[in-house]
Amino acid sequence: MQRVDAIVLGAGIAGVSSAFHLLKRGRSVALVDRRAPGEETSHGNAGVIERDGFVPITFPDSFRALLTYALNRSPQAHYHPSFLRGLLPWLWKFREHSTNVAVDRFARAIDQLERHAAAEHWALAHSTPAERFFRDTGWIHLYRSKAGFADIERDLHYARIFGAGYDILEPGDLNALEPHLRPVCHKAVYWKDSRSVSSPGGVTKAYAETFKLMGGDILRGNALSLRREGEDWVVETTTGEVAARDVVVALGPWSMDLLRLYGYALPLAVKRGYHIHYTAQGNASLNRPIVDIDNGFVLTPMERGIRLTTGIEFADRDADPTPVQIRRTKPLARQLFPIASEVEDAPWMGSRPCFPDSLPMVGRAPRHDGMWFNLGHGHTGFTNGPVTGRLLSEMMTGGRTIVDPAPYSPSRFIDI
């Protein structure tokens, strides 16, 4: 049986970053996943390292908005009717975390992470193969209507408090930055301090490869084989059993498959999402990610082409793909930018693990010695995976933490 100091279950951006930082702090680490690193949720996002997003997605606060979602015709969100009944307890908690007080709590907690996010990514990427994916172009939130832009003030309020750089763009200003965008917007906000990458999956894989070159082990195995054996945690892999005193659960949308076996009933929901790549017409180019706020999709330049990513789909994690939002947003995307043919035969689908307060869970499992959590990052997983990986490693090794870990504590959803 192989022995290490820590086993990290899950090779997405949070798991890889946790393993990387534990290794840097002198611990021997085995990173275990059923697939290669960066091939699930960390593969399919918009690849943005945000220095904005201080106001989370919240429960609709008007009858008109609620009716739009209820009719299941919005490009921003889609749901499987058969799935909603089981989701109702989570939606009720989500509504409770949509008050002004809860939004303020979220903004201050997410700022703690975001202000370090770009630097923590760069600390992992610098002088490694990941470096080539990074670009310092910021990203743009585009508002097609006056009504949509009217909702931006709360975001800008927190940006001013936390020192996040932005410019408000008129259509002519936007055209100077992105000359191939079509004139469909009322105004836009250019978030100058955000960063982006041309392949989030490639970044995660590059971090994992550097971890391996530094002496870490990357193994294939089933997290559900985890068992307690004396004071050790043991997991089965294709090369044999691995044992450690500490185990990190960083399984993203699969976390509850394991944690339910240990008696944890965390309110972790899954929001599915899709992406597909397009070629551009003629010599058209896009320099940075563009968010169509009114319609809930992102267009971003990636290595495979122009990636269209969708908003939220509430459905069983393992249900067959229903890429309704790709069909709904494709004509809207064409209004915005001259996309041409699809690169893939079918859209990619992934799942975002989300708590009702939209914050990740980072820290010690309250009921099991040696078990730790780094999960539930929701829409900010790629942004904050490296910083929560560092935070968790500091908690596990007794070091001074980069931020106050209290807002992300597992105890906020666990009755100890």
Trainee: Would you confirm whether the ring centroid of W348 sits within less than 6.0 angstrom of the ring centroid of Y274?
Mentor: no

Trainee: Please lay out, stage by stage, how D5 and S28 fare under the test side chain to side chain donor-acceptor pair (under 3.5 Å).
Mentor: CA-CA 5 Å; D5 295 322; S28 56; 3.1 Å; yes

Trainee: Rounded to the nearest 0.5 Å, how far does CG of L299 lie from CG of L332?
Mentor: 10.0 Å

Trainee: Any donor-acceptor pair under 3.5 Å linking the side chain of T210 with the backbone of A206?
Mentor: yes

Trainee: Are H121 and F382 close enough that their ring centres sit under 6.0 Å apart?
Mentor: yes

Trainee: Salt-bridged, E241 to R3, with N to O below 4.0 Å?
Mentor: no

Trainee: Are the side chain of E170 and the backbone N or O of K187 linked by a donor-acceptor pair below 3.5 Å?
Mentor: no

Trainee: Looking only at non-hydrogen atoms, find the nearest pair between T310 and R352 and report the distance.
Mentor: O-NH2, 3.1 Å

Trainee: Do Y278 and R307 have side-chain heavy atoms sitting under 4.5 Å apart?
Mentor: no

Trainee: Just wondering, more than 12 heavy atoms not from D104 lying within 6.0 Å of its CG?
Mentor: yes

Trainee: Kindly say whether I290 contributes a backbone atom to a donor-acceptor pair with the side chain of T300 at under 3.5 angstrom?
Mentor: no

Trainee: Once you round to the nearest 0.5 Å, how far does CD1 of I161 lie from CZ of R108?
Mentor: 5.5 Å

Trainee: Give me the atom names and distance for the closest heavy-atom approach of L219 to A30.
Mentor: CD1-CB, 4.1 Å

Trainee: Counting only heavy atoms not in R85, do more than 12 sit closer than 6.0 Å to its CZ atom?
Mentor: no

Trainee: What about the rings of Y190 and Y166, do their centers lie closer together than 6.0 Å?
Mentor: no

Trainee: With side chains defined as the heavy atoms from C-beta onward, is the minimum distance between L226 and L258 less than 4.5 Å?
Mentor: yes

Trainee: Shortest non-hydrogen contact from R25 to S393?
Mentor: CD-OG, 3.4 Å

Trainee: Any ion pair linking D246 and R364 (charged N to carboxylate O, less than 4.0 Å)?
Mentor: no

Trainee: Within the 4.5 Å heavy-atom criterion, are V103 and R105 side-chain neighbours or not?
Mentor: no

Trainee: Within a strict 4.5 Å, meaning less than it, do heavy atoms of the S196 and T137 side chains meet?
Mentor: yes

Trainee: Could you go step by step and tell me if E342 and H277 meet the side chain to side chain donor-acceptor pair (under 3.5 Å) rule?
Mentor: CA-CA 6 Å; E342 296 175 351; H277 295 93; over 6 Å; no

Trainee: Please examine the side chains of T388 and N374, heavy atoms only from C-beta on, and report whether any two atoms are closer than 4.5 Å.
Mentor: yes

Trainee: Below 30° counts as parallel, above 60° as perpendicular, anything between as tilted: where do the rings of H275 and H43 land?
Mentor: tilted

Trainee: Parallel, tilted or perpendicular: which one describes the rings of F54 and Y158, with boundaries at 30° and 60°?
Mentor: tilted

Trainee: Passes side-chain contact (heavy atoms from CB on, under 4.5 Å), I110 versus R115? Steps please.
Mentor: CA-CA 9 Å; I110 210 68; R115 65 176 53 248; over 6 Å; no

Trainee: Could you check whether any side-chain heavy atom of D33 comes within less than 4.5 Å of a side-chain heavy atom of E39, counting everything from C-beta outward?
Mentor: no

Trainee: Which is it for R288 and D136 under the salt bridge (Lys or Arg N to Asp or Glu O under 4.0 Å) test, yes or no, and what are the steps along the way?
Mentor: CA-CA 9 Å; R288 53 184 59 78; D136 294 337; over 6 Å; no

Trainee: Answer yes or no for R195 and W139: cation-pi contact, defined as NZ/CZ to six-membered ring centre under 6.0 Å and angle to ring axis within 45°.
Mentor: no

Trainee: Does the ring center of F314 lie less than 6.0 Å from the ring center of Y79?
Mentor: no

Trainee: Should we count CD of E231 as having more than 12 external heavy atoms under 6.0 Å?
Mentor: no

Trainee: What is the minimum heavy-atom distance between S199 and M302, and which atoms define it?
Mentor: N-SD, 3.8 Å

Trainee: Can a salt bridge be assigned to the pair R317 and D257 using a cut-off of 4.0 Å between side-chain N and carboxylate O?
Mentor: yes

Trainee: Do P405 and M395 come within less than 4.5 Å of each other through their side chains, counting heavy atoms only?
Mentor: yes

Trainee: Are F373 and Y264, when compared by the centres of their aromatic rings, separated by less than 6.0 Å?
Mentor: yes

Trainee: After noting the C-alpha distance and the side-chain angles of E303 and R132, does the key distance pass the salt bridge (Lys or Arg N to Asp or Glu O under 4.0 Å) rule?
Mentor: CA-CA 11 Å; E303 289 198 330; R132 70 181 180 88; 2.7 Å; yes

Trainee: Do the side chain of T380 and the main chain of H377 share a donor and acceptor less than 3.5 angstrom apart?
Mentor: yes

Trainee: Salt-bridged, E40 to R34, with N to O below 4.0 Å?
Mentor: yes

Trainee: For L169, is there any backbone N or O sitting under 3.5 Å from a side-chain donor or acceptor partner on D167?
Mentor: no

Trainee: Quick one: list whatever passes side-chain contact (heavy atoms from CB on, under 4.5 Å) with T68, sequence neighbours left out.
Mentor: S74

Trainee: Would you kindly check if the NZ (Lys) or CZ (Arg) of K24 is within the cone defined by 45 degrees around the ring axis of Y207 and under 6.0 Å from the six-membered ring centre?
Mentor: no

Trainee: One pair to check against side chain to side chain donor-acceptor pair (under 3.5 Å): D52 and S194. What are the steps and the verdict?
Mentor: CA-CA 7 Å; D52 55 277; S194 295; 2.8 Å; yes

Trainee: Determine the interplanar angle of the H78 and H80 rings, folded into 0 to 90°, and report it as parallel if under 30°, tilted if 30 to 60°, perpendicular if over 60°.
Mentor: perpendicular

Trainee: Give the C-alpha distance, both sets of side-chain angles, the deciding distance and a yes or no for side-chain contact (heavy atoms from CB on, under 4.5 Å) between I276 and K330.
Mentor: CA-CA 10 Å; I276 195 165; K330 181 179 176 179; over 6 Å; no

Trainee: Do you know the tightest heavy-atom contact between D316 and R272?
Mentor: O-NH1, 3.2 Å

Trainee: With rounding to the nearest 0.5 Å, note down the distance linking CG in D294 to CD in Q76.
Mentor: 7.5 Å

Trainee: Start with the C-alpha distance between N287 and R135, add both sets of side-chain angles, then the distance that settles side chain to side chain donor-acceptor pair (under 3.5 Å), and finish with yes or no.
Mentor: CA-CA 9 Å; N287 300 311; R135 54 200 180 199; over 6 Å; no

Trainee: What are the two closest non-hydrogen atoms of L268 and G252, and how far apart are they?
Mentor: CD2-O, 3.9 Å

Trainee: For V234, does its backbone N or O pair with a side-chain atom of D232 as donor and acceptor, under 3.5 Å?
Mentor: no

Trainee: Is the distance between the ring centroids of W233 and Y262 under 6.0 Å?
Mentor: yes

Trainee: What's the spacing between T322 OG1 and R327 CZ if we round to 0.5 Å?
Mentor: 8.0 Å

Trainee: Is there side-chain contact between R144 and L336, with at least one heavy-atom pair below 4.5 Å?
Mentor: yes

Trainee: Return the CG to CD distance between D193 and E114, rounded to the nearest 0.5 Å.
Mentor: 10.5 Å

Trainee: Show your reasoning for whether salt bridge (Lys or Arg N to Asp or Glu O under 4.0 Å) applies to E394 and R390.
Mentor: CA-CA 6 Å; E394 290 166 344; R390 174 177 169 177; 2.7 Å; yes

Trainee: Give, for atom CG of D292 and atom CG of L142, the distance between the pair rounded to the nearest 0.5 Å.
Mentor: 6.0 Å

Trainee: Looking only at side chains, do Q2 and D217 share a donor and an acceptor under 3.5 Å apart?
Mentor: yes

Trainee: Keeping the roles fixed (side chain from S98, backbone from F59), state whether a donor-acceptor pair exists under 3.5 Å.
Mentor: yes

